[in-house]
Amino acid sequence: MRVPRQDEHDLLLGWQLTRYIDEVRLSDEPAKVQRIFARRLEQGMVRVWDDDGVVALAAYGDGGTDVARASRPVFTPPEHRRRNYASALVGELSR
């Protein structure tokens, strides 16, 4: 797990916009979802799993008084799925 590099932000924003939003059917307010994710990237609240390149992402935010961090979104492109990248990423982020 690591912080994404600045040169990876466009890749992650693309995943968020063209893949994640469509896949989970967030069509009601995709622009709002995209703005929130971009803000989290800029604030350093996104982590990626790197396996010879970025293969998964997880963003987090303040979960309020009961939860320190809430992971959202968590995304692995289809070509990188079934390798437990997202599970490993969320596990590390939870620590």
Side-chain angles (χ1 to χ4, degrees):
M1 180 179 77
R2 65 173 174 79
V3 175
R5 297 185 310 262
Q6 185 69 37
D7 65 339
E8 295 168 328
H9 284 202
D10 285 343
L11 169 71
L12 301 177
L13 284 165
W15 283 2
Q16 174 74 5
L17 182 61
T18 62
R19 292 178 161 197
Y20 176 78
I21 290 172
D22 287 342
E23 197 168 300
V24 299
R25 301 186 192 340
L26 290 175
S27 60
D28 55 332
E29 293 189 64
K32 179 182 176 184
V33 173
Q34 186 72 10
R35 281 193 309 273
I36 292 168
F37 183 75
R39 189 174 333 121
R40 286 191 179 144
L41 263 175
E42 292 303 318
Q43 293 172 340
M45 298 171 73
V46 175
R47 296 294 182 268
V48 296
W49 196 261
D50 189 320
D51 185 10
D52 213 15
V54 177
V55 294
L57 70 83
Y60 62 90
D62 182 0
T65 57
D66 295 332
V67 180
R69 293 180 177 171
S71 297
R72 57 190 186 273
V74 177
F75 181 73
T76 304
E79 62 271 21
H80 298 298
R81 292 182 184 164
R82 307 240 183 266
R83 296 183 186 116
N84 294 315
Y85 294 133
S87 295
L89 181 55
V90 171
E92 284 297 310
L93 191 56
S94 297
R95 286 187 235 294

Would [X] end up clustered with [Y] when hydrophobic side chains under 4.5 Å apart are linked, directly or stepwise?
| X | Y | value |
| --- | --- | --- |
| Leu41 | Ile36 | no |
| Leu13 | Trp15 | yes |
| Leu93 | Tyr85 | yes |

Problem set entry | Test side-chain contact (heavy atoms from CB on, under 4.5 Å) applied to Asn84 - qualifying residues, sequence neighbours left out | Ser87
So, for [X] and [Y], which heavy atoms are closest and what is the spacing to 0.1 Å?
| X | Y | answer |
| --- | --- | --- |
| Ala58 | Leu89 | N-CD2, 3.5 Å |
| Arg81 | Phe75 | NH2-CE1, 3.5 Å |
| Phe37 | Val46 | CE1-CG2, 4.0 Å |
| Ala56 | Ala86 | CB-N, 4.4 Å |

For this session: Mind checking side-chain hydrogen bond (donor to acceptor under 3.5 Å, both in side chains) for Arg2 and listing every partner two or more places apart, or none if nothing turns up?
Result: Glu8, Asp50
For this session: Check salt bridge (Lys or Arg N to Asp or Glu O under 4.0 Å) between Glu92 and all other residues, then give those that pass, not counting sequence neighbours.
Result: Arg95
Exercise. Who are the salt bridge (Lys or Arg N to Asp or Glu O under 4.0 Å) partners of Asp7, not counting sequence neighbours?
Worked result: Arg5
Seminar exercise, completed: The reported gap from CD in Glu42 to NE2 in His9 (rounded to nearest 0.5 angstrom) is 6.0 Å
Exercise. Is there a donor-acceptor pair closer than 3.5 Å between any side-chain N or O of Arg47 and the backbone N or O of Gly44?
Worked result: yes
